[in-house]
Amino acid sequence: MILAAIDWGFIFDQTITQAIGLNAAVYAIAAIGLNVHFGYAGLLNFGQVGFVAMGAYGMGLSITLWNLHPLLAVVGGMVFAAFFALFLGVPTLRLRADYLAIVTIAAAEIVRLLARSTAMRDITRGAEGLNEFIGPFREYNPFNPSLVYGIGVIDFRGTEFFAIVIGWVVAFLAVLVVWLLMRSPWGRVVKAIREDEDAALALGKNAYYYKMQALILGGVIGGFAGMVDAIGKATVQPDFFVAPLTFFFWLVLILGGVGKVWSPIAGAVIYWGLITFVQNLGRQLVDEGVVPTSVMDPSQVDQIRFWIVGAALALLMVFRPQGIFGSKEEMALDAR
Amino acid sequence: MRRRVLHMALVTVASMAILLPATATAQGGESVTSTILYDDAESGERIGAPGVLVTVTDENGEIVSETETDDAGVFLVELPGPGIYSVTIDPATLPEGVVLRNPDRNPAVVTVEAGQQARTIVATGSGEGGGGGGESGITLRQVSQLTVEGLKLGLFIAMMAIGLSLIFGTTGLVNFAHGEMIGWGMLIAYLFNFYGLAGAFGFLQSWPAPFGEGMNLILAALLAILGGAAMGWSFDRFVFGPLRKRGAGLISQMVVTIGISLVLRYFYLFGFGGTPRFFKDFTAQSAIKLGIVDITPKDLVTGFLSIIVLVGVGLFLIYARMGKAMRAVADNRDLAESSGIDVQRVIRFVWTLGGALAGLGGVFLGLAEQVSWNIGFRTLLLVFAGVILGGLGTAFGALVGSVIVGIGIQVSTLFVPTELKNVGALVVLILVLIVRPQGILGTKERVG
């Protein structure tokens with residue numbers, strides 16, 4: 001009777017829309033980068049959001065500061081992300097995995113604090129973020145911004161649809177690149193280092209350089225996540241890049257299965273479907289008064305996602321580390 | 001001397017800043033403004049203080065804007081929207097010899113309605129110290145003031161860092177949920193400070209204090225230590241102990257700490273709300289003078305208490321049986337086990353001790369700044385910096401490293417904007433890893 005008040009149709013529309021929408025594509029791309037780091041190279045990156053931010057700012061600044069062509073701006077985003085990988089990799093890749101974890105989580109926070117600082121206001125526009133870079137991209141939009149595209153219940157406006165198409169194309173290209181690389185000799189060396197660094201060293205492989213290359217590759221892919229997000233939202237906001245976002249990407253990766261090529265895409269679709277479903281249901285339960293406001297008020301519904309992510313992360317890690325599709329053999333949890 | 005007394009009396013009487021009259025507000029343009037006035041020693045007139053650094057932060061502690069007062073002592077900061085903001089005056093940028101009358105109202109908390117131009121009061125007084133030249137450059141007084149503040153911050157960080165470092169030393173696990181142990185202590189103290197034991201056991205509500213009406217913060221702090229210890233104990237008893245038994249790898253344990261920290265942190269946000277708040281006791285204290293530095297009594301007390309606690313922990317590690325066992329396990333676990341030390345018991349003890357220290361550190365941090373839901377994460381990064389600087393896994397290294405980080409952060413505000421002071425500490429962390437990855441007191445083989 002109470003449940004009859006809930007608009008299930010709306011919830012399912014939202015769930016499907018979000019599961020294939022811009023956010024899912026962005027999360028998938030970021031998790032593909034993380035998969036290169038952790039799944040294949042065994043690098044413990046707790047600051048993927050820093051790479052995402054570098055990609056977004058690199059692309060945005062290329063246009064707002066230097067007025068570059070959009071394609072060159074994308075290269076700018078890649079360069080920023082690659083530079084960030086070098087900056088992190090040089091001090092930490094010779095050390096144990098947990099040093100990289102500490103440094104990446106700290107460096108990602110540095111990026112955000114610097115980007116929103118008043119000291120860098122002339123460049124990054126502080127807390128307002130970059131808002132004037134989208135024009136050149138819009139010129140290439142083949143879809144009519146005033147039309148609505150979609151099938152059945154799912155529909156997107158033309159500008160949004162453009163970004164979603166870009167996002168999923170980038171995601172599938174990234175999967176293709178990762179798939180090709182990981183079955184190449186290079187990929188086999190990287191996986192060998194993950195399994196046993198000493199053995200790889202004994203075979204004459206320079207583990208440091210391979211790990212650095214993997215860090216850069218995954219970081220640049222993470223940078224693309226930031227660029228897609230920036231194009232989709234037409235803005236780069238420093239406070240989007242908060243530390244917990246990294247762990248949303250981690251959950252996406254672990255959900256799908258670490259070390260599987262397709263897992264980030266599957267994980268992102270499942271994650272966004274699940275989160276949207278739970279949050280919309282929660283919001284309606286609160287609005288309808290089923291959950292009294294003394295227990296939870298509407299503004300607190302959005303916090304549910306952090307509980308779900310945190311609990312799911314811990315529980316998956318303990319009880320099903322291979323995720324939904326992964327195999328236990330490929331789980332490289334305690335590689336260096 | 002006589003002149004100074006007279007001067008002080010004069011200044012204290014007549015130094016409330018006058019509010020800027022509310023001007024017509026721009027549409028939708030929320031802002032916060034005030035005028036900082038002080039008594040000029042030469043002319044005896046009350047004039048505006050130019051060039052005072054004002055930082056406005058939002059509810060999450062994120063900096064909205066950093067600005068300076070103009071020649072009339074006026075600052076006006078445009079805000080992104082309605083909400084609750086903290087306005088921090090940098091006392092070091094006040095004119096020579098002028099201090100804030102109520103350092104405890106700095107930062108001042110301002111609630112801004114939609115379209116409102118909010119005002120805040122900044123009261124100044126004379127804090128003329130002995131040192132300090134007349135030039136506008138860096139004065140000895142500023143440096144010593146910041147060093148003392150930094151030392152205090154460093155001691156707080158050290159209390160948390162020792163626990164983190166010991167846990168790492170004995171188990172190899174980097175506990176990313178350590179920040180939430182800090183927040184836990186702070187919030188427990190807040191809860192008991194305001195609601196007494198009824199905060200936890202509702203039926204006591206109608207009882208007298210300390211059961212019903214809120215208890216003294218000192219008592220609440222003791223309970224926070226107990227609460228922190230209980231949390232550390234339960235982490236090991238219910239999560240990491242069983243995980244070790246299952247043979248779970250360190251990296252999966254690390255991801256588990258991340259999961260726990262997310263759940264707890266947002267549970268704190270859910271329970272406490274996003275607005276930073278003060279404890280009930282010891283909030284409005286005026287600074288006393290010690291030589292050339294100004295320090296509030298509570299800072300003095302918490303500083304000394306943390307020294308006592310740290311010395312106690314140090315002595316415990318050196319002389320007590322359990323302390324020796326802890327160091328032995330950290331040094332070589334297998335050797336310790338084979339020489340008859342109950343390693344699991346030692347680890348349980350380390351977690352409990354680490355939780356208790358983090359809980360106490362949280363209370364002190366809440367006293368020094370404000371109680372907020374996410375202070376744990378922000379502090380955790382500084383704790384990492386201290387621990388790595390000193391050498392991951394070494395208790396004494398954590399102490400030394402943290403104190404250096406604390407002083408470095410505060411003194412660096414002489415050269416870098418206040419909003420970026422923590423960035424400096426994190427950059428140092430990265431530089432240390434390049435130059436000397438084992439840290440100051442670490443040994444090389446630890447780095448692996």
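All heavy atoms count here, side chains included; hydrogens, waters and symmetry mates do not.
Taking CD1 of B/I430 as the reference point, atom CG of A/L88 lies at 6.0 Å (rounded to 0.5 Å). Here A/Q303 contributes atom CD and B/Y266 contributes atom OH; the two are 8.5 Å apart, rounded to the nearest 0.5 Å.
A heavy-atom distance below 4.5 Å is not found between the side chains of A/F247 and B/V255. Side-chain contact between A/V318 and B/R246 is present, with heavy atoms from C-beta onward closer than 4.5 Å.
The most heavy-atom pairs under 4.5 Å with chain A, out of B/I388, B/I260, B/L429, come from B/I388. With chain B as partner, the option from A/I102, A/L313, A/L113, A/V103 having the largest number of non-hydrogen pairs under 4.5 angstrom is A/I102. Comparing B/V174, B/T67, B/L173 by how many heavy-atom pairs each has under 4.5 Å with chain A, the most go to B/V174. Counting heavy-atom pairs closer than 4.5 Å to chain A, the top-ranked of the candidates B/V263, B/L264, B/V432 is B/V263.
Across A/P244 and B/L262, no two heavy atoms sit closer than the pair CB-CD2, 3.8 Å. Between B/S252 and A/M317, the shortest heavy-atom distance links the atoms O-CG, 3.5 Å.
Contact annotation for B/L269: both backbone and side-chain heavy atoms come within less than 4.5 Å of a heavy atom of chain A. Residue A/S117 touches chain B through both its backbone and its side chain, counting heavy-atom pairs closer than 4.5 Å. Using a 4.5 Å cut-off between heavy atoms, B/L426 contacts chain A through both its backbone and its side chain. In this structure, the portions of B/V427 lying under 4.5 Å from any heavy atom of chain A include both its backbone and its side chain.
Taking the six-membered ring for Trp, A/F306 and B/F267 have ring centres at least 6.0 Å apart.
Atom CZ of A/R125 has 12 or fewer heavy atoms from other residues, nucleotides or ligands within 6.0 Å. When the shell of 6.0 Å around CH2 of B/W184 is examined, it contains 12 or fewer heavy atoms from other residues, nucleotides or ligands.
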Side chain to side chain contact (heavy atoms under 4.5 Å, CB included) assessment of B/I258 paired with A/W250: CA-CA 10 Å; B/I258 291 272; A/W250 269 85; over 6 Å; no
Worked check of side chain to side chain contact (heavy atoms under 4.5 Å, CB included) between B/F176 and A/I105: CA-CA 10 Å; B/F176 285 88; A/I105 201 173; 4.0 Å; yes
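Residues of residues 376-386 of chain B that come closer than 4.5 Å to chain A, counting heavy atoms only, are B/F377, B/L381, B/F384, ordered by residue number.
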